[in-house]
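All remarks here apply to the structure that follows.
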Amino acid sequence: EAQVTQNPRYLITVTGKKLTVTCSQNMNHEYMSWYRQDPGLGLRQIYYSMNVEVTDKGDVPEGYKVSRKEKRNFPLILESPSPNQTSLYFCASRRGQGPGELFFGEGSRLTVL
Amino acid sequence: AQKVTQAQTEISVVEKEDVTLDCVYETRDTTYYLFWYKQPPSGELVFLIRRNSFDEQNEISGRYSWNFQKSTSSFNFTITASQVVDSAVYFCALRGPSGGSNYKLTFGKGTLLTVNP
């Protein structure tokens, strides 16, 4: 089954404790991206990757890092989480050519105390 | 810059009513793509439709229909004979042309649809 898998799905952590949200897709997609969803703001892009070792900032990259060492994986790293990073996070992927839609993971709800 | 406006924050209807969700967009691109996604209470994002800017044909899929009008920069979504299972947040989104660039979706803020029995 074609899917984008995120882990963890739910996490409560404390300020300053480094965490990583993993994202893996099994569709051999070149493009992957991270979004965060906040009430009243919709979804906003954090980072994206056009292919292995090619990443770039989206609209709200502050406080986040990413890496793309393998085509299937695109982890989101919060080096020193803060309460304003409490949000619902979505990973997404799509093939690198053509007008196709983004496939989204199921979301990871993160709470930073 | 691209922008998507969903003016309706919340809509509440009674089952079997028809309901239209509005979406207005802004872009300077001549080629672009419009999307609708559904987010049920369980939280995942479900793709509903993609429409290309050069294809203004309206589309119907079961109880769902979409009205794309470039003249008014609108891409409205109608649910006919709504059902309780249609209760969700619906997002309209816009993307620029393909080819070597970020395939970023610009999302509206979403419309919460509640269908009451």
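Keep in mind it's a predicted model, so treat the numbers as computed, not measured. Lettering of chains follows the sequences in order, A, B, ..., and the numbering in each one begins at 1.
The part of Q39(B) that comes within reach of chain A is its side chain, from C-beta onward, which places non-hydrogen atoms under 4.5 angstrom from that chain. Contact of D59(A) with chain B is made through the side chain alone, with heavy-atom distances under 4.5 Å. Heavy atoms closer than 4.5 Å to chain B are found nowhere in F103(A), neither backbone nor side chain.
In the hydrophobic clustering of ILVMFWY residues, with side-chain heavy atoms under 4.5 Å counting as a link, L21(B) and W66(B) come out together. Note: the hydrophobic cluster containing V60(A) does not contain L94(B) (ILVMFWY, side chain heavy atoms under 4.5 Å, direct or indirect links).
Distance check, rounded to the nearest 0.5 Å: CD of Q45(A) to CZ of F107(B) gives 10.0 Å. Taking CG of L43(A) as the reference point, atom OG1 of T106(B) lies at 11.0 Å (rounded to 0.5 Å). One distance of note links CG of L48(B) with CD of E101(A); it measures 10.5 Å at 0.5 Å rounding.
In this structure a side-chain-to-backbone donor-acceptor pair under 3.5 Å is present from Y35(A) to L105(B).
Annotation: R109(A), atom CZ; neighbour count of heavy atoms from other residues, nucleotides and ligands within 6.0 Å does not exceed 12. A 6.0 Å sphere centred on NZ of K70(B) holds more than 12 heavy atoms belonging to other residues, nucleotides or ligands. For Q57(B), the CD atom is loosely surrounded, since the number of other residues' heavy atoms within 6.0 Å does not exceed 12. The neighbour count for L112(B) CG, taken as heavy atoms of other residues, nucleotides or ligands under 6.0 Å away, is above 12. Within a 6.0 Å sphere centred on CD1 of I60(B), heavy atoms belonging to other residues, nucleotides or ligands number 12 at most. Surrounding OH of Y10(A) are at most 12 heavy atoms belonging to other residues, nucleotides or ligands under 6.0 Å away.
The heavy-atom pair separating E44(B) from F90(A) by the smallest distance is CA-CE2, 4.4 Å. Of all non-hydrogen atoms in Y31(A) and K104(B), the two that sit nearest each other are OH-N, 3.8 Å. Counting all heavy atoms, side chain and backbone alike, L41(A) lies closest to K109(B) at C-CG, 4.1 Å.
Ranked by heavy-atom pairs under 4.5 Å with chain B, the first of G40(A), S49(A), G58(A) is G40(A).
Between Y37(B) and F104(A), the ring center distance clears the sub-6.0 Å criterion.
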